[in-house]
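Right, one structure below, let's go through it.
These numbers were taken from a predicted model, which means no experiment stands behind them.
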Amino acid sequence: MPSATDQELIERVVTTDCHDSFGILVERHQSDLRYSLRQMTGWNEALADDLAQETFIQAFKSLKNYQGTAKFSSWIYRIAYNQMVSHFRLARNREVSASEEILKSHSQQIALITTSELDLHRDLAYSMKALPTKQRMAVHLHLHRELTHSEISTIMGIPLGTVKTLINRGKKTLRSLLSSWNPEDKL
Amino acid sequence: MKQSTDIENLFNQARNSEPYFSNRRFGSRVLTVIKLQDPVPFWKEVTIEMLGALIGCGLTYSFFPLNDLITSIPTKFVIGPTMLMGVAGLIGCTYVIAYWTAERSRL
């Protein structure tokens with residue numbers, strides 16, 4: 001069964017309500033999703049895992065509605081994105097605007113962090129936190145997951161042009177934030 | 001950052017060194033929650049309820065002196081004016097108490 005494709009496993013879950021098949025799907029995709037959600041939440045492990053758990057539970061409930069037109073991983077990311085947006089909205093988490101002042105303070109903090117032995121992943125997650133949620137998601141999906149603009153547009157449910165704008169703005173902000181990062185010293 | 005591509009390089013390095021998170025606890029937690037939230041099928045729910053009701057009825061019938069109770073019920077009722085007045089009074093009192101309670105709880 002572990003060699004079965006995502007589509008075959010989904011069919012098994014839908015037709016026979018087989019929890020084990022869904023368990024294999026979770027096993028296949030959980031690490032990527034949990035990592036991505038850590039990047040989205042400023043490496044907040046507890047929050048990221050809670051959101052990932054909610055995502056899989058929601059996915060199980062809505063598996064009958066899965067059309068199979070997009071990859072299962074993209075579908076999961078779409079649910080995760082919605083979960084994340086709802087969470088931040090409920091928590092009234094104000095998105096940090098990329099003002100000069102904030103950028104300056106973040107750059108200073110990142111410079112301090114990189115002098116310690118904290119790894120690249122956490123530093124990236126921390127700097128990503130300065131981006132608004134949409135930019136953060138678009139940048140992560142594009143630069144880390146290497147998804148196309150079209151796939152990102154489908155996942156986030158926004159027009160293609162907006163995706164490009166979000167990525168460009170996000171990159172610009174990250175460039176300022178990570179200006180003090182010296183990969184040769186740390187990697 | 002010297003060049004704009006440095007951002008891409010940084011993400012490339014992050015991607016190549018992305019940690020793998022163990023599924024052991026996470027996966028079992030997800031499946032446990034799914035099993036807990038899994039609704040009981042309608043036919044199963046109805047069958048369980050019917051079985052319970054049947055067992056309850058059987059036990060009641062075997063222990064409860066139903067025949068004695070039926071024979072003790074009077075076969076004839078004589079409704080006189082006094083009884084009618086009493087019943088009307090009782091209904092009236094119940095209505096007043098219910099109205100008073102409802103009005104009081106609204107305040």
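- Only the side chain of A/K61 comes within less than 4.5 Å of a heavy atom of chain B; its backbone N, CA, C and O stay farther away.
- For B/S17, the parts lying under 4.5 angstrom from a heavy atom of chain A are both the backbone and the side chain.
- Closest heavy-atom contact between A/Y35 and B/A14: OH-CB, 4.1 Å.
- No continuous path of hydrophobic side-chain contacts links A/L47 to B/F21 [ILVMFWY only; heavy atoms under 4.5 Å].
- By the 4.5 Å heavy-atom criterion applied to side chains, B/E8 and A/K171 are counted as neighbours.
- Connection of A/L160 to A/L147 is not established within any shared hydrophobic cluster, with ILVMFWY side chains joined at heavy-atom distances below 4.5 Å, either directly or through further cluster members.
- Within the 4.5 Å cutoff, the side chain of B/E18 has heavy atoms near those of the A/D32 side chain.
- Looking at A/H121, the atoms closer than 4.5 Å to chain B (heavy atoms on both sides) all sit in the side chain, from C-beta outward.
- In A/R169, the CZ atom is not crowded: 12 or fewer heavy atoms of neighbouring residues, nucleotides or ligands sit closer than 6.0 Å.
- No path of Ile, Leu, Val, Met, Phe, Trp and Tyr side chains, each step under 4.5 Å between heavy atoms, connects B/I79 with B/I91, placing them in separate hydrophobic clusters.
- Listed for the B/R15 side chain is a donor-acceptor partner under 3.5 Å among the backbone atoms of A/L143.
- Side-chain heavy atoms closer than 4.5 Å link hydrophobic residues (I, L, V, M, F, W, Y) into clusters, and following such links, even through other members, never connects B/L66 to B/F63.
- In this structure, B/L54 places its CG atom where more than 12 heavy-atom neighbours from other residues, nucleotides or ligands lie under 6.0 Å away.
- Distance CZ/A/R175 to CG/B/D6: 9.0 Å, rounded to 0.5 Å.
- Hydrophobic clustering of Ile, Leu, Val, Met, Phe, Trp and Tyr side chains at less than 4.5 Å, counting indirect connections, unites A/V14 with A/I76.
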Working for side chain to side chain contact (heavy atoms under 4.5 Å, CB included), residues A/D49 and B/R29: CA-CA 11 Å; A/D49 279 2; B/R29 209 172 64 187; 3.9 Å; yes
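- A perpendicular orientation is assigned to the rings of A/F56 and B/F26, their planes being inclined by more than 60° (bins at 30° and 60°).
- Counting heavy-atom pairs closer than 4.5 Å to chain B, the top residue among A/K172, A/Q53, A/H144 is A/H144.
- The CD1 atom of B/I7 sits 5.0 Å away from atom CG of A/L178, with the distance rounded to the nearest 0.5 Å.
- The two residues B/L31 and A/H19 make their nearest non-hydrogen contact at CD2-O, 3.7 Å.
- Between the side chain of A/R34 and the backbone N or O of B/S22, at least one donor-acceptor pair lies under 3.5 Å.
- The side-chain heavy atoms of B/F11 and A/L174, taken from C-beta on, include a pair separated by under 4.5 Å.
- Only the side chain of A/L124 has a heavy atom closer than 4.5 Å to any heavy atom of chain B.
- At least one side-chain heavy atom of B/Y20 sits less than 4.5 Å from a side-chain heavy atom of A/Q30.
- Put simply, of B/S28, B/G27, B/P19, the one with the most heavy-atom pairs under 4.5 Å next to chain A is B/P19.
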